[in-house]
Asker: 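Below is one structure. I have some questions about it.
Everything numeric in this text was worked out from a predicted model, so none of it was measured.
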Amino acid sequence: MEVIKSLEKDRSNLIKAIQMVQEEYGYISDKSIENISEYFGIPTVEVEGVLSFYAQFKRTAPGEYKIAVCDGTACHIKGSSRVKNWLVEDLGIDDGETTEDGLFSMETVACLGCCSLAPVVSINGKVYGKLDREKLLKIIDDYRNRGEN
Amino acid sequence: MIERIKVGMASCGIAAGADEVKDFLDQKLKDREDIEILEVGCIGHCYAEPLVEVETESGSVFFENVEPTEEYLDKILEIDKESTMSFRDERTGREHLKVTKLAGRIDPVSLQEYIENGGYESLKKVAKMSPDKIVEEVKTSGLRGRGGGGFPTGLKWSFLASKEADKKILICNADEGDPGAFMDRSMMESVPHQVIEGMLIAALATGSNELFIYARAEYPLAVKNMNIAIEQVYDSDINVFDGETIDVTVKEGAGAFVCGEETAMIHSLEGNRGNPRYRPPYPTDEGYKGHPTLINNVETFANVPIIFEEGGEKYAELGTENSKGTKLFALAGDLKYAGLVEVPMGLTIGEVVYDMGGAERGEVKAVQIGGPSGGCIPAKHFDVPIDYDSLESLGAIMGSGGLIVIGSGRCMVETARYFLEFTTKESCGKCTFCRIGTKRMLETLERITSGEGTLEDIDFLEDLGPKVIDASLCGLGQTAPNPVLSTLRYFKDEYLAHVEDKHCPALQCNDLVDIYLDQEICIECGQCIKNCPVDAISDDFVVDNETCTRCNTCIEVCPVDAISRVKRGDTNE
Ligand SMILES: Cc1cc2nc3c(=O)[nH]c(=O)nc-3n(C[C@H](O)[C@H](O)[C@H](O)COP(=O)(O)O)c2cc1C
Ligand code: SF4
Ligand code: SF4
Ligand code: SF4
Ligand code: FES
Ligand code: FES
């Protein structure tokens with residue numbers, strides 16, 4: 001495991017290691033679990049047990065553009081369920097899914113810390129706030145076209 | 001003469017477009033060597049983002065909602081007085097900037113600027129004091145934990161200080177789990193050195209030698225700024241005392257709310273699943289890898305340098321009998337001036353919500369305070385002072401500082417359902433009552449919001465809530481029913497309307513609502529038909545409510561507001 005070889009082989013670095021692998025590959029494959037387990041000398045089931053506990057870790061490949069729909073309190077009050085619906089309609093995928101072309105994936109998350117701009121989504125970490133339907137669909141379209149070019 | 005131009009580049013500033021503004025200014029002013037352009041953190045006026053401060057020899061002016069255009073550039077360069085932002089007295093007259101006094105005013109990742117503004121002076125003072133004296137001073141200040149529980153900080157420190165051990169651990173709780181709060185993010189992004197200074201003071205007071213900052217996964221900029229600040233601290237030996245280095249490390253969480261709980265956080269840091277465990281033993285007796293461990297919140301640590309700057313007694317002058325100093329609140333929801341405010345303890349909720357936040361009197365139903373562990377306080381109690389005890393007497397808690405204004409158009413049953421859904425998802429599953437009990441409560445709430453609830457369901461919630469509280473091991477389960485119980489206490493009429501009249505008074509619960517197109521108002525533009533995702537609107541402008549998913553798209557696109565949500569069955573008026 002190239003990406004984690006800078007880490008000290010201490011159990012307390014396990015989560016860090018999983019994060020680094022996900023950062024590199026976008027998700028955690030069975031192979032990655034084996035590699036991590038070998039690196040730390042921890043059984044694979046235990047690595048799986050730890051990673052399944054944390055919402056951040058993905059076991060399937062996400063889209064090229066990862067959309068996080070905020071459903072924190074402020075965004076919920078300001079209509080995050082509608083924001084999600086607009087995306088479901090536009091992309092044809094639901095929470096946790098990836099579009100067939102692999103371009104977009106979507107998940108709901110709790111609070112991106114920009115509550116004052118609610119409702120917000122983030123795409124690959126960039127936050128877009130004060131969304132209405134038109135604004136959101138335009139943002140998605142821009143990404144889509146970026147993909148085509 | 002312009003000396004410096006500062007662009008507010010905390011996460012929310014960037015989300016509002018501050019990075020484009022900064023790039024534009026950099027580009028346009030690249031030949032102006034006399035003007036320095038600086039990225040700063042957050043001054044808390046989120047509603048005005050992107051926000052630009054222009055420093056001149058005669059003081060600062062601010063520009064709000066700046067766009068990356070020549071027009072704004074001209075205004076900024078001319079310091080066009082007409083266009084500068086005016087700070088409202090309703091806010092400035094009430095806020096008390098102590099903990100956030102440097103936030104958004106200095107370069108967050110400049111050690112030099114922090115020091116020039118008095119930074120690390122408190123640490124220097126403390127380094128000459130005995131540990132007992134340091135703890136004593138914090139006790140005198142009356143500081144209580146800002147992470148939600150409100151435990152006296154000095155007392156907590158004394159527990160760890162009295163332990164004999166080679167290794168003691170200090171953890172900064174930067175997990176900021178309340179979904180709708182951003183005080184800690186803002187502090188770490190804006191004044192990371194202040195948080196570190198507080199931690200180092202705590203380390204000297206308690207004899208700790210290994211320090212962790214456990215930061216929320218969704219906060220990349222906070223993590224980045226904390227890491228830069230830590231590197232500077234190492235480079236300048238600020239964390240070296242009598243030849244001994246105190247180690248400081250940032251650890252990123254991985255998206256589990258329960259890891260905000262102390263014992264769960266320790267398990268997570270050890271590389272395990274974040275399950276809480278029974279206390280005692282308390283972390284100060286047995287914590288991270290068995291070492292005595294103390295956990296404080298970001299804002300708690302950020303208060304510490306202030307205490308030693310002005311002295312514990314002076315610090316304790318501000319606030320109320322049992323709640324000293326200031327509190328940060330993240331104001332969001334149905335109000336005009338969303339943002340971060342720092343207010344003295346004892347201010348009333350009304351002052352914060354109406355005066356500082358600009359929410360309309362009469363348009364506000366309640367505030368939600370304390371997130372999933374907290375409660376809703378109805379507008380009729382807005383004269384209550386913000387302090388630990390008063391809020392608790394209302395069935396809410398101070399919480400960590402999330403303050404969500406709920407406008408009159410929102411449904412309180414749905415709000416309660418929302419929080420239960422959150423806690424059900426986040427329960428670690430160890431205790432039956434927390435795992436199954438919250439799930440049963442959620443199902444019951446879902447029945448009510450979908451119009452299938454009964455009066456027995458309401459009784460069931462009132463009965464099960466306290467049981468979940470009693471039979472849960474950790475704070476998550478012990479507080480999960482609060483949003484339900486507090487809305488039942490103050491908004492029972494809304495529950496009853498859902499159950500008895502099958503009516504959502506706020507017209508929010510989709511199953512109890514129809515979509516009505518008023519042909520008297522309609523100008524037959526066809527926008528609604530074109531945009532409806534499920535073709536629920538006929539060519540002669542009638543909504544088929546069987547097909548309609550209540551997505552609201554038609555309401556948003558109609559130019560003349562001819563379409564509205566009505567009580568289910570009320571479409572023929
Ligand atoms: C489920 C749960 C989540 C919590 N989340 C946080 C959090 O996000 N931030 C925080 O500072 N404290 C949180 N706490 C409280 C901490 O366990 C702890 O009391 C606090 O960090 C102590 O610091 P303080 O005394 O400075 O407030 C949480 C507690 C529970 C039970
Ligand atoms: S109360 Fe809930 S979150 Fe806490 S330990 Fe029990 S099951 Fe886990
Ligand atoms: S609410 Fe949505 S589904 Fe229903 S009629 Fe309007 S656009 Fe169509
Ligand atoms: S959008 Fe409004 S005005 Fe246009 S056809 Fe629909 S109801 Fe009529
Ligand atoms: S609630 Fe959405 S950003 Fe905080
Ligand atoms: S202006 Fe900083 S939190 Fe919004």
Asker: Using a 4.5 Å cut-off on heavy atoms from C-beta on, say whether the side chain of Glu270(B) contacts that of Ile15(A).
Answerer: no
Asker: Looking at Ser268(B), Pro372(B), Cys411(B), which makes the most heavy-atom pairs under 4.5 Å with chain A?
Answerer: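 Winner by heavy-atom pair count: Ser268(B).
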Asker: Determine, step by step, whether Asn272(B) and Arg11(A) satisfy the side chain to side chain contact (heavy atoms under 4.5 Å, CB included) criterion, reporting the C-alpha distance in whole Å, the side-chain angles of both residues, the deciding distance to 0.1 Å, and the verdict.
Answerer: CA-CA 8 Å; Asn272(B) 295 312; Arg11(A) 172 81 189 227; 2.7 Å; yes
Asker: By a 4.5 Å heavy-atom criterion (distance strictly below it), what part of Val258(B) contacts chain A: side chain, backbone, both, or neither?
Answerer: side chain
Asker: Under a 4.5 Å heavy-atom cutoff, which of Ala254(B), Gly402(B), Gly180(B) has the most pairs with chain A?
Answerer: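 Most pairs with chain A among the choices: Ala254(B).
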Asker: Of the backbone (N, CA, C, O) and the side chain (C-beta and beyond), which part of Phe422(B) lies under 4.5 Å from a heavy atom of chain A, both, or neither?
Answerer: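 Answer is side chain: those atoms of Phe422(B) sit under 4.5 Å from chain A.
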Asker: Taking the side chain as every heavy atom from C-beta outward, state whether Ser122(A) and Glu218(B) have any pair of such atoms under 4.5 Å apart.
Answerer: no
Asker: Decide yes or no on side chain to side chain contact (heavy atoms under 4.5 Å, CB included) for His76(A) and Glu414(B), but give the supporting numbers first.
Answerer: CA-CA 10 Å; His76(A) 188 79; Glu414(B) 156 56 27; 2.4 Å; yes
Asker: For the interface with chain B, which of Leu117(A), Asn85(A), Val120(A) has the highest count of heavy-atom pairs at distances below 4.5 Å?
Answerer: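 Ranked by heavy-atom pairs under 4.5 Å with chain B, first place is Leu117(A).
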Asker: Examine distances only and state if a side-chain atom of Lys289(B) and a backbone atom of Ser12(A) form a donor-acceptor pair shorter than 3.5 Å.
Answerer: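 Side chain of Lys289(B) to backbone of Ser12(A): no pair is present.
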Asker: Return yes if some donor-acceptor pair links the side-chain N/O of Tyr54(A) with the main-chain N/O of Gly253(B) below 3.5 Å, else return no.
Answerer: no
Asker: Assess whether side chain to side chain contact (heavy atoms under 4.5 Å, CB included) is satisfied between Ile77(A) and Ile406(B), documenting all intermediate values.
Answerer: CA-CA 7 Å; Ile77(A) 291 273; Ile406(B) 301 180; 3.9 Å; yes
Asker: Report the C-alpha separation of Phe53(A) and His267(B) in whole Å, then their side-chain angles, then the decisive distance to 0.1 Å, and conclude whether the side chain to side chain contact (heavy atoms under 4.5 Å, CB included) test is met.
Answerer: CA-CA 12 Å; Phe53(A) 185 86; His267(B) 289 153; over 6 Å; no
Asker: Which one wins on heavy-atom pair count under 4.5 Å against chain B: Cys115(A), Cys114(A), Gly129(A)?
Answerer: Cys115(A)
Asker: Let me confirm one number: the OG-CD distance from Ser81(A) to Gln508(B), rounded to the nearest 0.5 Å.
Answerer: 7.5 Å
Asker: For Tyr288(B), is it the side chain, the backbone, both, or neither that has a heavy atom closer than 4.5 Å to a heavy atom of chain A?
Answerer: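 When you check distances to chain A, only side chain atoms of Tyr288(B) fall under 4.5 Å.
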Asker: Do you know which of Thr73(A), Asp132(A), Val127(A) has the most heavy-atom pairs with chain B at a distance under 4.5 angstrom?
Answerer: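 That would be Thr73(A).
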Asker: Highest number of heavy-atom pairs under 4.5 Å with chain B: which of Glu134(A), Glu89(A), Lys16(A), Arg82(A)?
Answerer: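 Option with the top pair count is Arg82(A).
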Asker: Is it true that, when you exclude Lys58(A) itself, more than 12 heavy atoms of the residues, nucleotides or ligands shown sit nearer than 6.0 Å to its NZ?
Answerer: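 Enclosed: over 12 neighbouring heavy atoms sit under 6.0 Å from NZ of Lys58(A).
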Asker: Among Ser11(B), Ala332(B), Pro179(B), Gly255(B), which has the most heavy-atom pairs under 4.5 Å with chain A?
Answerer: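 Of Ser11(B), Ala332(B), Pro179(B), Gly255(B), Pro179(B) has the most heavy-atom pairs under 4.5 Å with chain A.
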Asker: Please determine, among Ile14(B), Thr415(B), Asp334(B), the option with the most heavy-atom pairs under 4.5 Å with chain A.
Answerer: Asp334(B)
Asker: Tell me, out of Cys428(B), Gly409(B), Pro533(B), Ala16(B), who's got the most heavy-atom pairs with chain A below 4.5 Å.
Answerer: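 Among the listed options, the one with the most contacts to chain A is Pro533(B).
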Asker: Does any heavy atom of chain B fall under 4.5 Å from the side chain of Arg133(A), the backbone, both, or neither of them?
Answerer: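 Answer is both: backbone and side chain atoms of Arg133(A) are under 4.5 Å from chain B.
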Asker: Examine whether an atom of Ile404(B) lies under 4.5 Å from a heavy atom of chain A, and if so say whether it belongs to the side chain, the backbone or both; otherwise answer neither.
Answerer: side chain
Asker: Do other residues, nucleotides or ligands put more than 12 heavy atoms under 6.0 Å from the CD atom of Glu20(B)?
Answerer: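 Yes, CD of Glu20(B) has more than 12 neighbouring heavy atoms, counting only those of other groups under 6.0 Å.
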Asker: Is the closest side-chain heavy-atom distance between Ser116(A) and Glu49(B) below 4.5 Å?
Answerer: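 SC-SC contact between Ser116(A) and Glu49(B) ruled out.
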Asker: Given the options Asp178(B), Asn552(B), Val557(B), which has more heavy-atom pairs under 4.5 Å with chain A than any of the others?
Answerer: Asn552(B)
Asker: Which answer fits Asp19(B), side chain, backbone, both or neither, if we ask what part of it has an atom under 4.5 Å from a heavy atom of chain A?
Answerer: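 For Asp19(B), the contact with chain A is made by the side chain alone.
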Asker: Could you measure the distance from the CG atom of Leu269(B) to the CG atom of Asn13(A)? Nearest 0.5 Å is fine.
Answerer: 11.0 Å
Asker: Counting only non-hydrogen atoms closer than 4.5 Å, does Ala222(B) touch chain A with its backbone (N, CA, C, O), its side chain (CB onward), both, or neither?
Answerer: neither
Asker: Does some side-chain heavy atom of Lys78(A) sit less than 4.5 Å from a side-chain heavy atom of Arg410(B)?
Answerer: yes
Asker: Less than 4.0 angstrom from a charged side-chain N to a carboxylate O is my criterion; do Lys425(B) and Asp71(A) meet it?
Answerer: no
Asker: Which answer fits Arg550(B), side chain, backbone, both or neither, if we ask what part of it has an atom under 4.5 Å from a heavy atom of chain A?
Answerer: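 Neither part, no heavy atoms under 4.5 Å.
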